[in-house]
Amino acid sequence: MGPAKQGCDRNEMIIMPAELSKIYFKLLNIYDPQGWWPLLDFHDSAKGINPTKTGSLKGYHPGLYHYPKSERQVFEVCIGAILTQSTSWSQVEKALINLRNIGCLEPKKLIATDSDVVKLAIKPAGYFNQKYKKLIAFSEFFITLKGKIPERKDLLKVFGIGDETADSIILYAYRQPIFVVDAYTKRIFERIGLIKKSSKYHNIQIFFEKNLARDFKIYQEYHALIVEHAKRFCKVRPDCAHCPLKDICKKKL
DNA sequence: AACCAGGACGTGA
DNA sequence: TCACGTCATGGT
């Protein structure tokens, strides 16, 4: 262990408390509530529909933060979080539907089902050999929870669950206030100029949590808005000309 | 026709 | 610790 106080004396991030919440409300105004995490069997009246959202509208439940509300839905969110690693959600949705059709959105059944059958079901989501192992490892862990909320450190011990997936599970499946950092978060806020390229996961996470109200609903919404903004404008090759945040962004192209 | 998608793991420096 | 290869399918 090196000298005390990692990160505190390094001026790694310029703290501008107002900025992060300003950007949050700006994104919220532009894109409206995103209704994460999508659920397969979520069917509700038109009040749940967000017309500004990209991709499939099915499964999203904007403005409703009480999901998932059953053990089965909690498991579905966790499985989705694993399946969506480096994969687009539309592909994950296909895999989840396949899993549901073979009765494998339930941990014991998933474990008991023939591996080739499960692999075929999750094939659309890619990396099916890797992800099969991950799903089994998580299912076994999930059973040991007996309905309790998992600790982050225990989630990280499970094969296939790293920082982002662990935090996605805690935030969206268990509705606990922990901020999810992903590649989009780094990309957007590097370009804006609030974090450095060398910033690591934990530092970025602390940066957000220190500058936002400790509210799982805000954390859920912010992460979803970040994903939406990254898909629309802050892509690998960004569309700065039409970006609604260009006035506050440092990067100009 | 490359490039990328709501990452994590294993390896060797 | 850190950079890099690997895992795989499908949309743009």
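Proteins get letters first, then strands, A, B, ... in listed order; numbering begins at 1 in each.
Atom CG of A/Asp163 is separated from atom P of B/dA8 by 7 Å (rounded to the nearest Å). One can place CG of A/Asp182 at 11 Å from C1' of B/dA5, the figure rounded to the nearest angstrom. Rounded to a whole Å, the CG atom of A/Leu39 is 18 Å from the P atom of B/dG6. In this structure, CD1 of A/Ile79 is placed 16 Å from C1' of B/dG6, rounded to the nearest angstrom. The separation between A/Lys186 atom NZ and B/dG7 atom P is 10 Å, rounded to whole Å. Rounded to whole angstrom, the span from the CD1 atom of A/Ile122 across to the P atom of B/dA5 amounts to 21 Å. As a whole-Å value, the separation of A/Tyr127 OH from C/dC7 C1' is 6 Å. The distance from atom CG of A/Leu135 to atom P of B/dA8 is 14 Å, rounded to the nearest whole Å.
Separating the P atom of B/dA8 from that of C/dG11 is a span of 24 Å, rounded to the nearest Å. Nucleotides B/dC9 and C/dG10, compared at atom P, are 24 Å apart to the nearest Å. Here, C/dG5 and B/dG6 have their C1' atoms 22 Å apart, quoted to the whole Å.
When the nucleotides C/dA8, B/dG6, C/dG11 are ranked by their closest atom to the side chain of A/Phe128, C/dA8 comes out on top. Looking at the side chain of A/Phe159, the nearest of the listed nucleotides B/dG10, B/dA5, B/dA8 is B/dG10. Taking every side-chain heavy atom of A/Gln91 into account, C/dT9 is the closest of C/dT9, B/dG7, C/dA8. Proximity note for A/Glu164 (side chain, C-beta onward) versus C/dT9, B/dG6, C/dA8: the nearest is B/dG6. The side chain of A/Lys231 lies closest to B/dG6, out of B/dA5, B/dG10, B/dG6.
Contact annotation for A/Lys133: no contact, since no heavy-atom pair falls under 4.0 Å across all strands. Among the heavy atoms of the strands lying under 4.0 Å from A/Val158 are primed sugar atoms or P, OP1, OP2 only; no base atom is included. Residue contacts shown for A/Lys235 are absent, as no nucleic acid heavy atom lies under 4.0 Å away. If you check every strand for non-hydrogen atoms under 4.0 Å, A/Val227 touches a base. At a threshold of 4.0 angstrom between heavy atoms, the contacts of A/Ile161 are confined to the sugar-phosphate backbone, with no base atom among them.
Nearest-nucleotide mapping onto DNA chain B: of A/Pro38 and A/Leu156, the residue sitting toward the 5' end is A/Pro38.
Between A/Ser168 and A/Ala81, the shortest heavy-atom contact is CB-CB, 4.4 Å. Taking every heavy atom of both residues into account, A/Ile122 and A/Phe128 meet most closely at CD1-O, 3.6 Å.
Put simply, A/Arg187 has no side-chain N or O that comes within less than 4.0 Å of OP1 or OP2 on B/dC4. Between A/Lys200 and C/dC2 there is a side-chain polar atom (N or O) within less than 4.0 angstrom of OP1 or OP2. Residue A/Lys131 places none of its side-chain N or O atoms closer than 4.0 Å to OP1 or OP2 of C/dT6. Dashed line: the shortest gap from a side-chain N or O of A/Thr165 to OP1 or OP2 of B/dA8 is under 4.0 Å.
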What's the verdict on salt bridge (Lys or Arg N to Asp or Glu O under 4.0 Å) for A/Glu221 and A/Lys217, showing C-alpha distance, side-chain angles and the deciding distance? CA-CA 6 Å; A/Glu221 203 60 73; A/Lys217 299 172 189 170; over 6 Å; no
Would you please test A/Asp154 and A/Lys157 for salt bridge (Lys or Arg N to Asp or Glu O under 4.0 Å) and show each step? CA-CA 5 Å; A/Asp154 294 325; A/Lys157 292 176 191 165; 3.3 Å; yes
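At least one side-chain heavy atom of A/Val118 sits under 4.5 Å from a side-chain heavy atom of A/Leu110. Inter-residue side-chain proximity for A/His229 and A/Cys243 is flagged as met; some heavy-atom pair is nearer than 4.5 Å.
Aromatic ring centres of A/Tyr219 and A/Phe208 lie farther apart than the 6.0 Å criterion allows.
A donor-acceptor contact under 3.5 Å is not formed by the side chain of A/Tyr222 with the base of B/dG6.
Aromatic stacking of A/Trp89 on B/dG6: satisfied, with centres closer than 5.5 Å and planes within an angle under 30 degrees.
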